[in-house]
K.L.:
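Below you will find the structure I want to go over with you.
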Number of protein chains: 2
Amino acid sequence: MSVTREKIMELGESLIRTKGYNAFSYQDISTELGIKNAAIHYYFPTKENLGTSILKTNIQRFEEMTDNMQSRGFDEWKQLDSFIKIYVKSHREQKLCIVGSLGPDVYTLGESTKAELFKMTEKIITWLTNLLDSGRAKNIFAFEGEAVNKATTIFSALVGGLQISRISGNTDFKSLYMSIAEDLKP
Amino acid sequence: MSVTREKIMELGESLIRTKGYNAFSYQDISTELGIKNAAIHYYFPTKENLGTSILKTNIQRFEEMTDNMQSRGFDEWKQLDSFIKIYVKSHREQKLCIVGSLGPDVYTLGESTKAELFKMTEKIITWLTNLLDSGRAKNIFAFEGEAVNKATTIFSALVGGLQISRISGNTDFKSLYMSIAEDLKP
DNA sequence: AAATATACTTACTAATAAGTAAGTAACAAA
DNA sequence: TTTGTTACTTACTTATTAGTAAGTATATTT
């Protein structure tokens with residue numbers, strides 16, 4: 001695949017996670033990459049097209065990661081830890097996760113982008129739910145109630161945590177991570 | 001104060017919490033209110049001015065609410081419950097909270113808006129921290145670690161929860177609320 | 001050698017954005 | 001009665017946006 005195309009997607013994702021979908025323009029990308037805005041339209045005819053492509057790549061990356069952890073035989077703690085580390089890294093880079101940055105804009109997105117955003121959210125929560133359930137069955141995790149509720153709470157705290165910590169300059173993100181972990185210890 | 005001015009602020013807040021700050025325009029407001037965009041500029045010379053004013057009002061409302069609960073002698077559970085109910089209401093209205101909707105746009109906001117957003121976030125976390133601390137001292141709440149970390153986690157989960165539940169159509173928000181409450185029971 | 005495909009640029013268009021300057025109608029104050 | 005104030009409208013300007021049509025240089029295929 002084209003290097004320019006990949007650079008556009010990479011920068012596009014970075015801009016979404018930094019400034020937000022409705023605040024970035026093709027000009028932001030073209031200036032940074034030293035190309036013309038029409039070059040971006042060559043690869044991604046519409047902005048919706050670019051947004052959708054970025055989300056599809058993110059879904060793919062997420063699936064590759066979870067498949068990889070599964071095939072390597074990571075236990076539930078290790079898998080949860082690896083997932084949370086994505087957020088620790090985002091926090092270090094002062095970026096939101098893609099779901100958390102597109103979430104508030106959901107009503108302004110085109111249908112295909114909205115569909116991918118929904119799909120990604122669903123995949124994450126389903127994966128987390130299964131992880132929590134299987135961890136509880138093995139007595140590795142302990143928590144009350146349905147796993148899907150715990151999964152939603154954890155995911156919400158991570159998504160919201162990145163936003164809150166970025167507003168207040170830099171709240172200690174490690175403590176959020178510890179708070180989630182502590183909460184699951186038997 | 002002017003009725004038009006109040007309607008502008010009310011609609012402005014609603015638009016921020018629905019479409020996001022960078023997706024709404026003075027046209028959205030003027031069309032809805034049947035006035036011209038210059039009329040909005042008469043009350044709020046710049047968009048930043050409007051955003052800042054909306055945040056200031058929100059801070060004031062928050063302080064009035066907490067003061068009111070204090071003076072009425074609400075216990076810690078009742079206070080936490082009342083706070084969470086704001087989010088339950090937001091969820092019902094399919095709106096985000098103002099912090100969660102402006103959060104992702106923080107790098108695109110003007111200095112004065114950013115300052116108020118920071119102030120509001122800080123006030124909420126400080127209030128929640130004190131509430132959790134005093135509740136724990138009375139053995140009404142039970143949790144490990146520092147109260148400020150628990151406060152941040154709870155606030156993050158609420159802010160993120162509204163976003164996640166709105167993406168996936170309508171995840172049961174009540175369960176998030178229960179999950180937080182369950183977690184604090186001694 | 002001619003035709004085709006790739007990866008762009010040049011040069012626009014149409015729409016929408018925030019913002020402004022000057023005017024006006026209605027009412028109150030001096 | 002004039003003067004000023006409030007609450008707007010009219011009529012713009014300037015900048016930026018997503019998006020497009022047509023052209024071009026380079027490499028690849030036939």
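Residue numbers start from 1 in every chain, and the chains themselves are labelled A, B, ... in the order their sequence lines are given, proteins ahead of strands.
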K.L.:
Side-chain N or O of B/Thr4 less than 4.0 angstrom from OP1 or OP2 on D/dC8?
P.N.:
yes

K.L.:
Does B/Tyr21 reach the main-chain N or O of B/Gly103 with its side chain, forming a donor-acceptor pair under 3.5 Å?
P.N.:
no

K.L.:
Considering the options A/Val159, A/Thr153, A/Thr152, which one meets the side chain to side chain contact (heavy atoms under 4.5 Å, CB included) requirement together with A/Phe155?
P.N.:
A/Val159

K.L.:
Donor-acceptor pair, distance only, cut-off 3.5 Å: does the side chain of A/Gln79 make one with the backbone of A/Phe74?
P.N.:
yes

K.L.:
Is there a donor in the side chain of B/Tyr43 and an acceptor in the side chain of B/Asn49, or the other way round, less than 3.5 Å apart?
P.N.:
no

K.L.:
Could you check whether any side-chain N or O of B/Asp67 sits under 3.5 Å from a backbone N or O of B/Glu64, counting only pairs where one atom can act as donor and the other as acceptor?
P.N.:
no

K.L.:
Just how large is the angle between the end axes of the helix from C/dA1-D/dT30 to C/dA30-D/dT1, five pairs per end, to 10 degrees?
P.N.:
10°

K.L.:
Check whether any side-chain heavy atom of B/Tyr42 lies under 4.5 Å from a side-chain heavy atom of B/Thr4, and answer yes or no.
P.N.:
no

K.L.:
Would a distance-only check, ignoring hydrogens and angles, find a side-chain to backbone donor-acceptor pair under 3.5 Å from B/Ser165 to B/Leu162?
P.N.:
yes

K.L.:
Please work out which residues in residues 16-44 of chain B have a non-hydrogen atom less than 4.0 Å from an atom of DNA chain D and list them by number.
P.N.:
B/Ile35, B/Lys36, B/Ala38, B/Ala39, B/Tyr42, B/Tyr43

K.L.:
Which is the 5'-most and which the 3'-most nucleotide of DNA chain C that has an atom under 4.0 Å from a heavy atom of chain A?
P.N.:
C/dT6 to C/dT10

K.L.:
Over 60° means perpendicular and under 30° means parallel, so tell me whether A/Phe173 and A/His91 are parallel, tilted or perpendicular.
P.N.:
parallel

K.L.:
Surrounding CE of B/Met178 (heavy atoms of other residues, nucleotides or ligands, distance under 6.0 Å), is the total greater than 12?
P.N.:
no

K.L.:
Do A/Phe118 and B/Ser168 come within less than 4.5 Å of each other through their side chains, counting heavy atoms only?
P.N.:
yes

